[in-house]
Enquirer: 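Sending over a structure as structure tokens; questions will come in a sec.
Since the model is a prediction, treat every value here as computed from it, not as a measurement.
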Amino acid sequence: PPFGGSSGNPLQKYPDVVTSGWHSGPLDTQGVMCDISDRPSLCSAAHWGRGEVVVGSSDHALYVIDANKGDRKRTLYNKQC
């Protein structure tokens with residue numbers, strides 16, 4: 001099942017493939033800054049199987065973040081296209 005993990009527990013919030021940093025919080029309690037835009041971020045979606053988080057920004061771009069490293073991998077739909 002996509003959620004509930006291998007234990008099948010429906011109360012488990014994340015699938016087994018979610019990295020521990022996203023499961024329990026950052027290793028560094030100060031957090032990690034990923035400079036993606038000078039505009040506010042509006043939404044996000046995760047694809048844990050690929051280890052990616054996509055952040056939508058009010059600058060009309062989508063930023064793909066590596067969920068394990070916290071680094072920006074690529075930018076989609078920016079005004080420069």
Enquirer: If I take atom CG from residue Asp35 and atom CG from residue Asp71, how far apart are they, to the nearest 0.5 angstrom?
Expert: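 Result: 12.0 Å between the selected atoms.
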Enquirer: Distance check, rounded to the nearest 0.5 Å: Ser58 atom OG versus Asp38 atom CG?
Expert: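 These two atoms lie 8.5 Å from each other.
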Enquirer: Applying salt bridge (Lys or Arg N to Asp or Glu O under 4.0 Å), name anything that partners Arg72, two or more places apart in sequence or on another chain.
Expert: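 If we apply the salt bridge (Lys or Arg N to Asp or Glu O under 4.0 Å) test to Arg72, skipping adjacent residues, there are no hits.
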Enquirer: Quick check: closest heavy atoms across Ser44 and Val53, and the distance to 0.1 Å?
Expert: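 Minimum heavy-atom separation between Ser44 and Val53: CB-CG1, 4.3 Å.
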Enquirer: So, taking the atom named CG in Leu62 and the one named OG in Ser37, what distance separates them when rounded to the nearest 0.5 Å?
Expert: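 That separation rounds to 11.5 Å.
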Enquirer: State, yes or no, whether a side-chain contact exists between Ile65 and Val55 at a heavy-atom distance under 4.5 Å.
Expert: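 Sidechains of Val55 and Ile65: in contact.
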Enquirer: Name all residues meeting the side chain to side chain donor-acceptor pair (under 3.5 Å) criterion together with Arg39; count only those two or more places apart in sequence or in a different chain, and write none if there are none.
Expert: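 None.
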Enquirer: How far apart are the closest heavy atoms of Ala61 and Thr75, and which atoms are they?
Expert: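 For Ala61 and Thr75, the tightest heavy-atom pair comes out as CB-CG2, 4.0 Å.
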Enquirer: Quick one: which residue pairs count as a salt bridge (Lys or Arg N to Asp or Glu O under 4.0 Å) with a foot in residues 40-53, not counting sequence neighbours?
Expert: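 Counting only pairs at least two positions apart or across chains, the salt bridge (Lys or Arg N to Asp or Glu O under 4.0 Å) contacts touching residues 40-53 are Arg50-Glu52, Glu52-Lys73, Glu52-Arg74.
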Enquirer: Could you tell me if the side chain of Ser41 sits less than 4.5 Å from the side chain of Ile36, heavy atoms only?
Expert: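 In short, these two side chains touch, coming nearer than 4.5 Å.
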